[in-house]
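Taking it in order: structure first as structure tokens, then the write-up.
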Amino acid sequence: MAWSYLQVLLLTLVAWNPGSEDSAPGRVIAPVLQLEDSHDFGTVWSGEEVRHDFVLKNRGLQPVRILGIKTNCGCTVVNSYDKMLLPKKSTKISVVLKTKNLQGKVSKKIFVTTDREPQTDLTLSITGRVRSIVSMLPRSGATFGQVRQGEEVVRKIRLVSMVDQPLELKLPDVTKEFFDVSLTPITRGKEYELRFSFKAPEEPGSHRFRLELESNFKPVGSLSVMASAIVPARIEARPSKLVLPREIPKTMKRMVSVFNHGEKPMKVLAVRCTDKNLPVSFDVERATGTASITLQIPQGYKGTGTGAALVIQTDDPEFSEFRVPLKTVGNSPAVAKSDKSFDLPIRVEPPALMLDSGYTNDELTRSVQVLNLSGKSLELSLLDPGSQRFRVSVEELVAGEKFRIEVKVRPPIPLGPSQSAVRFSTNLESMPILTLPCTVYREAHVQAVPSSVILGPAVDVVRQFAISVSNKRQGAFRVVSASISDPRLSIAIERKKLGGSSIIRLTVPAGFEHPGKPLALKVFTDDPEFPELTTAILKNKAKKRGMRSRPERKGKSKRKKFGLRPAKGSNE
């Protein structure tokens with residue numbers, strides 16, 4: 001029997017029925033929920049807020065309920081949205097990314113949970129790159145580490161502007177107990193030195209200070225710098241608590257160190273464990289008085305759970321005896337990570353590497369120690385060296401407990417600060433990736449100081465500036481010539497007898513008016529790496545705000561009030 005054209009058309013319409021999305025089991029159905037699942041915001045300055053609306057549309061015939069939205073960090077904020085999504089309707093999921101404490105590549109996730117199978121879990125991603133308005137060295141800020149009681153320690157941070165316009169930074173009118181802060185311009189508008197001073201109190205504790213520097217860069221407005229310090233007890237044991245799994249599949253060791261942070265000598269006399277099934281041994285360094293205590297945990301040991309402890313006896317009258325508690329958790333070594341007595345299961349000392357080569361271009365080597373505080377034997381392996389210049393090695397000092405990481409930087413070493421991070425994989429579920437921040441820094445050995453000269457809009461009298469060109473490392477060096485981009489300005493070279501250094505005398509005639517366009521003094525040397533140096537000649541716009549670019553002799557109070565000062569090298 002032949003099929004008519006009308007019969008074939010009717011069967012086709014029955015087979016394809018857009019109103020019956022669930023009526024044909026086994027047939028491939030297009031996703032009911034349609035959305036843009038990723039957004040790249042490009043490059044922004046650290047401190048700017050990134051906003052984006054993800055559109056979620058219900059293409060089906062049944063309503064969809066949004067059960068919840070979560071993010072993978074506190075940097076993303078989800079605004080209000082429609083929790084019930086009707087058929088053929090859409091809703092906006094507005095996301096705000098706060099970049100104030102972010103830097104480098106950024107990838108954040110937003111997880112949307114619905115009641116629609118199989119799209120119950122949807123993942124949105126927001127990516128991009130965040131730039132800081134300054135290059136901060138060290139990048140971690142003012143990290144004091146441990147400071148003895150009553151001791152005063154100073155940390156200096158170098159801030160170099162990364163924006164095109166002159167960057168003005170200003171200290172706010174805030175104070176923080178035990179911290180003293182000062183800001184000094186090295187090259188106004190370009191480079192600053194931030195000085196933190198910390199006077200440790202008599203009471204032990206942790207101290208943190210977030211400083212918000214005011215800036216004239218409108219997209220950001222302020223710059224955050226962190227300062228942190230720890231004042232330990234005069235005599236302390238680290239870690240302050242030992243975490244053991246309830247069942248031990250193989251013999252393992254745990255270590256405790258006793259430190260004396262005071263000036264008075266101390267000696268550990270005896271160490272014992274209240275659980276007699278755990279043998280203890282200790283060694284004392286004669287020079288420092290530091291004691292290393294080793295606790296042997298035999299195979300098959302099951303913790304008593306009754307509050308066992310290491311008891312340490314010393315000859316110090318104030319700390320004659322103190323305890324390190326032993327806590328057993330879980331029924332296997334893997335459960336030990338659930339204990340929250342430590343912020344992190346792994347401690348790195350120091351927490352970041354600073355590889356400062358000074359003026360040399362030779363290979364650098366620095367190392368850190370990794371201490372395992374998780375209660376589980378640690379396995380550490382290199383995952384990402386972070387840079388092609390890095391050669392990274394891992395040495396196991398104490399099996400599963402203590403490691404030494406060595407990082408070597410091969411030349412050529414780039415000028416200025418450059419940040420990277422070495423990543424390691426671990427066998428710990430609570431910290432599968434260990435990241436070691438590394439900062440490599442090298443200064444130019446041939447320098448022209450100052451790097452910029454600031455002139456007023458109009459010069460009333462003849463002014464002279466001295467630019468020093470010197471070689472900071474040993475070797476032959478000579479200034480060949482110099483040139484100025486404006487013929488109205490004159491220069492003269494005075495060569496020094498030793499080292500090849502020179503002084504460039506820049507003379508500005510009376511009545512000189514800065515044209516507003518960039519002017520530059522160029523110095524040519526015979527150094528192959530630095531054949532040309534440039535000193536910028538900038539225009540001071542202070543007069544437009546009703547201030548004098550060159551204060552009179554009696555204007556010292558005005559200088560102090562407005563922060564004006566002659567450029568380095570001037571004859572004022």
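Throughout, numbering of the chain's residues begins at 1 and tracks the sequence. Source: prediction; values computed, not measured.
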Any side-chain heavy atom of Met266 sitting closer than 4.5 Å to one from Arg234?
-> no

Counting distance only, does the side-chain N/O of Ser132 pair as donor-acceptor with the main-chain N or O of Val134 below 3.5 Å?
-> yes

Evaluate the side-chain proximity of Leu326 to Cys273: yes if any heavy-atom separation is below 4.5 Å, no if none is.
-> yes

Any donor and acceptor pair, going by atom type alone, linking the side chain of Glu48 with main-chain N or O of Trp45 inside 3.5 Å?
-> yes

Enclosure of Arg410 CZ (heavy-atom neighbours >12, cutoff 6.0 Å) | yes

Could you go through residues 121-130 and list every donor-acceptor pair under 3.5 Å that involves a side-chain atom there, pairing it with any protein atom two or more places apart or in another chain?
none

What one should report as the nearest heavy-atom pair of Leu171 and Leu183 is CD1-N, 3.6 Å

Give a yes or no answer on whether the side chain of Ser215 reaches the backbone of Leu223 with a donor-acceptor pair at less than 3.5 Å.
-> no

Could you tell me whether a side-chain N or O of Arg389 sits under 3.5 Å from a main-chain N or O of Pro412, the two making a donor and an acceptor?
-> yes

Judged by atom type as modelled, is there a donor-acceptor pair below 3.5 Å linking the side chain of Lys199 to the main-chain atoms of Glu152?
-> no

Contact summary for Leu355 and Cys438, nearest pair of heavy atoms = CD1-CB, 4.2 Å

Of all heavy-atom pairs between Ile235 and Phe319, which one has the smallest distance, and what is that distance?
-> O-CE2, 3.7 Å

Where the side chain of Asn427 meets the backbone of Glu379, is there a donor-acceptor pair that is under 3.5 Å apart?
-> yes

Please collect all salt bridge (Lys or Arg N to Asp or Glu O under 4.0 Å) contacts where either partner lies in residues 443-452, sequence neighbours excluded, each pair once.
-> none

Side chains of Glu214 and Ser222: donor-acceptor distance under 3.5 Å anywhere?
-> no

Which pair of heavy atoms, one from Leu397 and one from Gln369, lies closest together, and at what distance?
-> CD1-NE2, 4.2 Å

Among pairs that include at least one residue of residues 126-152, which meet ring-ring contact (aromatic ring centres under 6.0 Å, His included), considering only residues two or more places apart or in two chains?
-> Phe144-Phe198

Gap separating the CG atom of Leu533 from the CD atom of Gln447, nearest 0.5 angstrom = 9.0 Å

Using atom types as modelled and distance alone, determine if a side-chain donor or acceptor of Ser420 lies under 3.5 Å from a backbone N or O of Gly386.
-> yes

Of all heavy-atom pairs between Pro232 and Gln146, which one has the smallest distance, and what is that distance?
-> CG-OE1, 4.0 Å

Of all the heavy-atom pairs spanning Val160 and Glu191, show the shortest one and how long it is.
-> CG2-CG, 4.0 Å

Derivation of the salt bridge (Lys or Arg N to Asp or Glu O under 4.0 Å) call for Glu349 and Arg347 | CA-CA 7 Å; Glu349 296 178 350; Arg347 185 170 69 224; 2.9 Å; yes

Check: Asp180 side chain, Ser197 main-chain N or O, donor-acceptor pair, under 3.5 Å | no

Would you call Val106 and Thr99 a side-chain contact if the rule is heavy atoms closer than 4.5 Å?
-> no

Is the distance between the ring centroids of Phe179 and His207 under 6.0 Å?
-> no

Quick one: NZ on Lys176 to CZ on Arg208, what's the gap to the nearest 0.5 Å?
-> 10.5 Å

For Leu383, does its backbone N or O pair with a side-chain atom of Ser425 as donor and acceptor, under 3.5 Å?
-> no

